[in-house]
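Let me begin by presenting the structure, written as structure tokens, before commenting on it.
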Amino acid sequence: MSNKAGLEGVVVADVQTSLVNGVEGKLIYAGYSIEDLAENALFEEVFFLLHNVRLPNAEELEAIRSQIAKQASVPQEILDMMKSLPKETPGMAVIRTATSMLSAYDPDAENLTDKDVAREKAARLTGQLTTISAAWVRISKGQEPIAPREDLNLAENFVYMMSGEGPDKTASEAVNVYLVLLAEHGMNASTFASRVITATGSDMHSAVVGAIGALKGPSHGGANAEAMRMFMEIGEPENVKPWFKEHIKEGERRIMGIGHRVYKALDPRAAVMKLHAERLAESSGNTKWYKIAESLAEEALGDDYFIERKLFPNVDYYSAIVLSTLDLSIDMFTPLFAMSRIAGWTANIVDQMGGRLIRPTANYVGPMDLKWTPVEER
Ligand code: ACO
């Protein structure tokens, strides 16, 4: 296999959106540390930052908040299509299909060149993806979807559309922090997928659909759901040690939510997420999942195998605990990741528009000099 398997270390673009420092465990969005933004920023501020490489002033922030909220509703035809799907369809498959269908109703879907139009489309898609995700939370339970409100921010709108109440302040703040932390992350697999599609001259909806497909995998965004399933399989804090011994030390499994291609130190987003997970678990009165996660991480962090390979919890590990306190089904964890990462995807898509076709080469290791023979002679 080529020594660049997985394209590790290959630089594919100059970007201004984010810097991932895997050695020191630091993450910066357009100059601002992730800790600073997670503590203070609204998701809409981060959306503006990623698209404009500067923070908005008060007027600009209200403009982008309202632009996203006002365009967040989705055509009834899409909600009807979602209602026609089997209730057990994975959330990621639903948002992938619905996002693709959105393009048929978007007046600018086939405008492939104007970057101002693309930024407006990005804001629209960002709102709509949240509406679709919240709608599936309800439709999958046999409930009617709820339309977005124009006066709310995206995190509040999600909580409102999902529950039909409130929106609850603690839940909205938790969703906002989550959305800020996950919005952008260098040349991750889904962002790269969106750039590859955009570089062919294709449209934004196609690029976002491709990115959703890449995010769905358990080696990428799907890990938050897999981490939660693992915590539930462990069941009780006292089962952590025997589970670790049986499945990790003596078995073939990986701890989902641990390890990262770039971070060889603690993922800074995991540190922020851990604090929120602990706080939310305590305020919800259910600390069991947090305790299981914490003690499994301790097992891994103290184990030579994990130490030698520099394997630390990544953002998906503790976000599973945060999301579980929101009364979301595990299946909806990864769609929430997509609701956030669409900010980074679309900023990268706009940046990539008009760029050169991305077309690497393959190292051929197959047979040579064979001669075709008629099928009945083989
Ligand atoms: N548990 C146990 N061992 C692991 C883990 C893990 N979670 N992750 C990596 N390793 C081991 C591998 O077995 C390998 O060991 P070896 O050198 O003896 O063969 C070594 O660490 C390196 O692993 P690779 O798979 O080569 O690392 P890569 O950079 O390709 O993969 C990945 C990174 C996919 C994230 C991996 O760590 C993993 O599978 N983690 C679990 C899934 C996960 O949490 N994904 C989310 C990533 S973050 C995100 O997308 C938001």
[X] (side chain) donor-acceptor with [Y] (main chain) under 3.5 angstrom:
X: Thr131; Y: Ala72; answer: yes
X: Tyr160; Y: Arg149; answer: no
X: Asn176; Y: Ala41; answer: yes
X: Asn157; Y: Pro148; answer: no
X: Ser18; Y: Gly186; answer: yes
X: Ser133; Y: Leu129; answer: yes
X: Lys115; Y: Val350; answer: yes
X: Asn52; Y: Arg54; answer: no
X: Tyr29; Y: Leu181; answer: yes
X: Glu60; Y: Asn57; answer: yes

Members sharing [X]'s hydrophobic cluster (side chains within less than 4.5 Å):
X: Ile28; result: Leu19
X: Leu301; result: Leu266, Phe312
X: Val12; result: Leu7, Val10, Val15, Met187, Phe192, Val196, Ile358

With side chains defined as the heavy atoms from C-beta onward, is the minimum distance between [X] and [Y] less than 4.5 Å?
X: Glu173; Y: Val177; answer: no
X: Asn111; Y: Met204; answer: no
X: Tyr305; Y: Ile248; answer: no
X: Leu182; Y: Leu336; answer: no
X: Thr170; Y: Leu280; answer: yes
X: Glu299; Y: Lys245; answer: no
X: Leu179; Y: Met339; answer: yes
X: Ile292; Y: Trp243; answer: no

Linking I/L/V/M/F/W/Y whenever any side-chain heavy atoms sit under 4.5 Å apart, do [X] and [Y] land together?
X: Tyr32; Y: Ile34; answer: yes
X: Met256; Y: Phe337; answer: yes
X: Ile146; Y: Met82; answer: no
X: Ile212; Y: Ile197; answer: no

Could you pull out the closest heavy-atom pair between [X] and [Y], with the gap in Å?
X: Thr17; Y: Leu50; value: CG2-O, 3.5 Å
X: Ile258; Y: Pro313; value: CG1-CA, 4.0 Å
X: Ala93; Y: Thr97; value: O-OG1, 2.8 Å
X: Ser172; Y: Pro167; value: OG-CB, 3.6 Å
X: Ala211; Y: Ser194; value: CB-CB, 4.1 Å
X: Ser284; Y: Ala281; value: OG-O, 3.0 Å

Whether over 12 other heavy atoms sit under 6.0 Å from [X] [atom1]:
X: Asp327; atom1: CG; result: no
X: Lys83; atom1: NZ; result: yes
X: Glu39; atom1: CD; result: no
X: Lys264; atom1: NZ; result: yes
X: Glu59; atom1: CD; result: no

Spatial distance of atom [atom1] ([X]) from atom [atom2] ([Y]) [nearest 0.5 Å]:
X: Leu102; Y: Glu77; atom1: CG; atom2: CD; result: 11.0 Å
X: Leu215; Y: Met92; atom1: CG; atom2: CE; result: 4.5 Å
X: Leu296; Y: Tyr317; atom1: CG; atom2: OH; result: 3.5 Å
X: Leu42; Y: Ile64; atom1: CG; atom2: CD1; result: 11.0 Å
X: Ile139; Y: Leu79; atom1: CD1; atom2: CG; result: 5.5 Å
X: Glu150; Y: Ser66; atom1: CD; atom2: OG; result: 7.5 Å

**Glu144/Arg138 ion pair, N-O < 4.0 Å** =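 Here Glu144 does not pair with Arg138 in a salt bridge, since their nearest N and O are not under 4.0 Å apart.
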**Asked** Do NZ/NE/NH1/NH2 and the carboxylate oxygens of Arg124 and Asp106 come within less than 4.0 Å?
**Response**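 Asp106 and Arg124: salt-bridged.
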With [X] via salt bridge (Lys or Arg N to Asp or Glu O under 4.0 Å) - residues at least two apart:
X: Glu62; answer: Arg65
X: Glu233; answer: Arg253
X: Lys274; answer: Glu294
X: Glu24; answer: Lys26

Kindly write out the residues that satisfy side chain to side chain donor-acceptor pair (under 3.5 Å) with [X], not counting sequence neighbours, or none if the list is empty.
X: Arg195; result: Asn348, Asp351, Gln352
X: Glu377; result: none
X: Glu156; result: Asn153
X: Lys249; result: Asp303

**Item:** Listed once per pair and sorted, the ring pair (Phe, Tyr, Trp, His ring centres under 6.0 Å) pairs that draw on residues 48-102, sequence neighbours left out
**Value:**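 Checked against ring pair (Phe, Tyr, Trp, His ring centres under 6.0 Å) - neighbours excluded - the pairs reaching residues 48-102 are Phe47-His51.
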**Request:** Check step by step if side-chain hydrogen bond (donor to acceptor under 3.5 Å, both in side chains) holds for Asp36 and Ser33.
**Result:** CA-CA 5 Å; Asp36 195 4; Ser33 83; 4.9 Å; no
**Prompt:** Under 3.5 Å, is there a donor-acceptor pair between the Asn188 and Ser190 side chains?
**Reply:**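 Note: Asn188 and Ser190 side chains meet the donor-acceptor criterion.
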**Asked** For the side chain to side chain contact (heavy atoms under 4.5 Å, CB included) test, which of Leu323, Val322, Ile321, Ile330 pairs with Asn224?
**Response**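 When Leu323, Val322, Ile321, Ile330 are each tested with Asn224, the side chain to side chain contact (heavy atoms under 4.5 Å, CB included) holds only for Leu323.
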**Asked** Would you call the rings of Phe306 and Phe244 parallel, tilted or perpendicular if under 30° counts as parallel and over 60° as perpendicular?
**Response**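 Because their plane-to-plane angle lies in the 30° to 60° range, the rings of Phe306 and Phe244 count as tilted.
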**Request:** Return the orientation label for the Tyr263 and His185 ring planes: parallel under 30°, perpendicular over 60°, tilted otherwise.
**Result:**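 Judged by the thresholds at 30° and 60°, the geometry between Tyr263 and His185 is tilted.
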